[in-house]
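Here's the structure, in structure tokens; my notes come after.
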Amino acid sequence: LTRILTVELGARSYPIHIGAGLLSGLGEKIRKQVTGRRVLVVTNPTVKKLYGAVADRSLAAAGLDLYWAEIPDGEEHKTLAVAARLYDLAFDAGLDRDCPVVALGGGVVGDITGFVAATYLRGVPFVQVPTTLLAQVDSSVGGKVAVNHPRGKNIIGAFYQPRLVVADTDTLLTLPEREIRAGIGEIIKYGVIADAEFFAWLENNLERLSAGNPETLAYAVEISCRIKAAVVAADETEQGHRQILNYGHTIGHAIESLTDYREYLHGEAISIGMVAAARLAVRLGMLDETAQGRIEHLVQRAGLPTALPPGLDFEAVLASLQRDKKARAGRITFILPEAVGRVRICPDIASSVLRPLFPPVTVP
Ligand SMILES: NC(=O)c1ccc[n+]([C@@H]2O[C@H](COP(=O)([O-])OP(=O)(O)OC[C@H]3O[C@@H](n4cnc5c(N)ncnc54)[C@H](O)[C@@H]3O)[C@@H](O)[C@H]2O)c1
Ligand SMILES: [Zn+2]
């Protein structure tokens, strides 16, 4: 059963294919979508070892000339220097403006490959083949592409939509459990921001989802992509509404940055942020405690963190929030839930209301 969604962006609309075993038909799908016959597939050694052979066979069977490019595994390699090496490989392979660049991997591979696709020859067709849960439900959809800079994460980039997204849910079966949990953090986010029914489904199906049940995963990926696609279609370049996808991310980003991106996976950091934002919403009288309790309980049941790590104090978090490029005059934008399934963009949160959210950790 393949589920096909469309991100509606007029002439730049594109399909998202979701299903088990789709990798073996990747070549045909690419052929239908682009005219160029030379294809540069960017991946990393971890993913290539697992899925290189099947991708290879599939593209060859479709009559495509496949060129591989490997980047080292890890966020620290999402850099301009690595992107520059990818341009070299694209030139060496003789890619012209009709030839696609394909990202086979998680969000790191997807972001840097998209950046290269957006800029090589001022833009060539881009195909996302996400292989992590986070990439399937989030980073492969919506066209944010970027590399990191010493001054910050993802601050060199563009909006550049793919032509096609192929999410083979079978690839999730080799993911470490911790990566699955982190992806579930983003999935919970979609329930809170846009879909109470989906949130309730998550409450009822969390164990099956965490255990990697294929049908359960495929459904969660589908609904998540549906929600993200609708938000992106409404506000592609984040002038307003798209900000709701940042629920949990205000504090999440601060935590990631304060821990040098080492301690937490992204989905873990935003889980802490989602719980904090829900508590803040209660304090501000926007959310009832029952709803807040449901959010916190689901995050916790998913095995995701709900509190700041001991040793990280609130003043540090606050200072980091105020350094954030989105903070203005000490006031910080939060995405706050008004109910399970509905959030509001609150651009004007004063730091004084945040302090009580983070009681100092008492050391016995
Ligand atoms: N563009 C966006 O809208 C957007 C949104 C969210 C996150 N991101 C970016 O995504 C990145 C994080 O992505 P991620 O969580 O996928 O991390 P990742 O790409 O580092 O992948 C996590 C790990 O899983 C491995 N892996 C990938 N697929 C696998 C598989 N099928 N089986 C076994 N191992 C596999 C990878 O090699 C890596 O070690 C960050 O750079 C973040 O900035 C982008
Ligand atoms: Zn995120």
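Counting starts at 1 for both ligands and their atoms, following the listed order.
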Legend entry - Numbered atoms and elements of ligand 1 in range of L50, under 4.0 angstrom, heavy atoms: 32 (N), 33 (C)
Inset, instruction - Taking atom 33 (C) of ligand 1 as the reference point, report whether a protein heavy atom occurs under 4.0 Å from it. - result: yes
Legend entry - Closest non-hydrogen atom pair between A20 and T169, with its separation: N-OG1, 3.3 Å
Inset, instruction - Would you please determine whether H249 falls within less than 4.0 Å of ligand 1 on a heavy-atom basis? - result: no
Legend entry - Winner among T132, D73, I270, T46 once heavy atoms are compared against atom 39 (O) of ligand 1: D73
Inset, instruction - Classify the contact between V145 and ligand 1 as side chain, backbone, both or neither, using a heavy-atom distance cut-off of under 4.0 Å. - result: neither
Inset, instruction - Output the list of atoms in ligand 1 that are nearer than 4.0 Å to some heavy atom of K144, sorted by atom number. - result: 1 (N), 2 (C), 3 (O)
Inset, instruction - Could you check whether the rings of Y120 and Y87 sit parallel, tilted or perpendicular, using 30° and 60° as the cut-offs? - result: parallel
Inset, instruction - Just jot down the ligand 1 atoms closer than 4.0 angstrom to any heavy atom of G106, in number order. - result: 16 (O), 19 (O)
Inset, instruction - With Y14 as reference, evaluate Q161, Q128, E8, R163 under the side chain to side chain donor-acceptor pair (under 3.5 Å) test and give the passing residue. - result: Q161
Inset, instruction - Please indicate whether any nitrogen or oxygen in G107 is less than 3.5 Å from any nitrogen or oxygen in ligand 1. - result: yes
Inset, instruction - Would you indicate whether the side-chain heavy atoms of T43 and E70 approach each other to under 4.5 Å? - result: yes
Legend entry - V34 to P100 - nearest heavy-atom pair and separation: CG2-CG, 3.7 Å
Legend entry - V353 side chain reached by L280 side chain, heavy atoms, under 4.5 Å: yes
Inset, instruction - Indicate yes or no: does E203 engage R301 in a salt bridge with an N to O separation below 4.0 Å. - result: no
Inset, instruction - Among all protein heavy atoms, pick out the one at the shortest distance from atom 9 (C) of ligand 1; state its residue, atom name and that distance to 0.1 Å. - result: D111 OD2, 3.3 Å
Inset, instruction - Inspect the contact between K228 and E236 and indicate whether a charged nitrogen and a carboxylate oxygen are less than 4.0 angstrom apart. - result: no
Legend entry - Flag side-chain contact, heavy atom, 4.5 Å: N205 against Y219: no
Legend entry - Atom of S139, atom of G107 and distance for their closest heavy-atom approach: OG-CA, 3.5 Å
Legend entry - Subset of ligand 1 atoms that lie under 4.0 Å from at least one heavy atom of Y51: 31 (N)
Inset, instruction - Could you tell me whether L172 approaches ligand 1 through its side chain, its backbone, both or neither, with non-hydrogen atoms closer than 4.0 Å? - result: neither
Inset, instruction - Write out the residue and atom name of the closest protein heavy atom to atom 41 (O) of ligand 1, then the distance separating them to 0.1 Å. - result: E75 OE1, 2.5 Å
Legend entry - Atoms of ligand 1 close to K228 [distance to a heavy atom under 4.0 angstrom, numbered from 1]: 3 (O)
Inset, instruction - Specify which N/O/S atom of H249 comes nearest to the Zn ion (ligand 2), by atom name. - result: NE2
Inset, instruction - Output yes if E186 passes the N/O/S-under-2.8 Å test against the Zn ion (ligand 2); output no otherwise. - result: yes
Inset, instruction - Check each heavy atom of V108 against ligand 1 and say whether those closer than 4.0 Å belong to the side chain, the backbone, both or neither. - result: both
Inset, instruction - For the pair H249 and H253, name the ring-plane relationship: parallel under 30°, tilted 30 to 60°, perpendicular over 60°. - result: perpendicular
Legend entry - SB check E28 K32 (cutoff 4.0 Å): no
Inset, instruction - Look at atom 28 (N) of ligand 1 and say which protein heavy atom is nearest, naming residue and atom and giving the distance to 0.1 Å. - result: T131 OG1, 2.7 Å
Inset, instruction - Using a 4.0 Å heavy-atom threshold (strictly under), name the region of Q136 that reaches ligand 1: side chain, backbone, both or neither. - result: neither
Inset, instruction - Report the part of K153 (side chain from C-beta onward, or backbone N, CA, C, O) that has a heavy atom under 4.0 Å from ligand 1; answer both or neither where that applies. - result: side chain
Legend entry - Sub-4.0 Å atoms of ligand 1 with respect to non-hydrogen atoms of N44: 36 (C), 37 (O)
Inset, instruction - Compare all side-chain heavy atoms of V127 with those of Q33 and state whether any distance is below 4.5 angstrom. - result: no
Inset, instruction - For atom 5 (C) of ligand 1, find the nearest protein heavy atom and state the residue, atom name and distance (0.1 Å precision). - result: S139 CB, 3.5 Å
Legend entry - S320 side chain vs A316 backbone, donor-acceptor pair below 3.5 Å: no
Inset, instruction - List the atom of P347, the atom of I345, and the distance in Å for their closest heavy-atom pair. - result: CD-O, 3.4 Å
Inset, instruction - Before signing off on this row, confirm whether V109 and ligand 1 have an N or O atom pair separated by under 3.5 Å. - result: no
Legend entry - Proximity winner for atom 7 (C) of ligand 1, if only heavy atoms of L265, L134, D168 are counted: L134
Inset, instruction - Please check if any side-chain donor atom of Q136 sits under 3.5 Å from a side-chain acceptor atom of D168, or the reverse. - result: no
Inset, instruction - Just need the protein heavy atom nearest to atom 35 (C) of ligand 1, so name the residue and atom and give the distance. - result: L175 CD2, 3.6 Å
Inset, instruction - Run down the list K78, H266, E179, K49 and name the one with the heavy atom closest to atom 43 (O) of ligand 1. - result: K78
Legend entry - D138: numbered ligand 1 atoms lying under 4.0 Å from its heavy atoms: 5 (C), 6 (C)
Inset, instruction - Run the numbers for me: atoms of ligand 1, each under 4.0 Å from some heavy atom of T174, listed by number. - result: 30 (C), 31 (N), 32 (N), 33 (C)
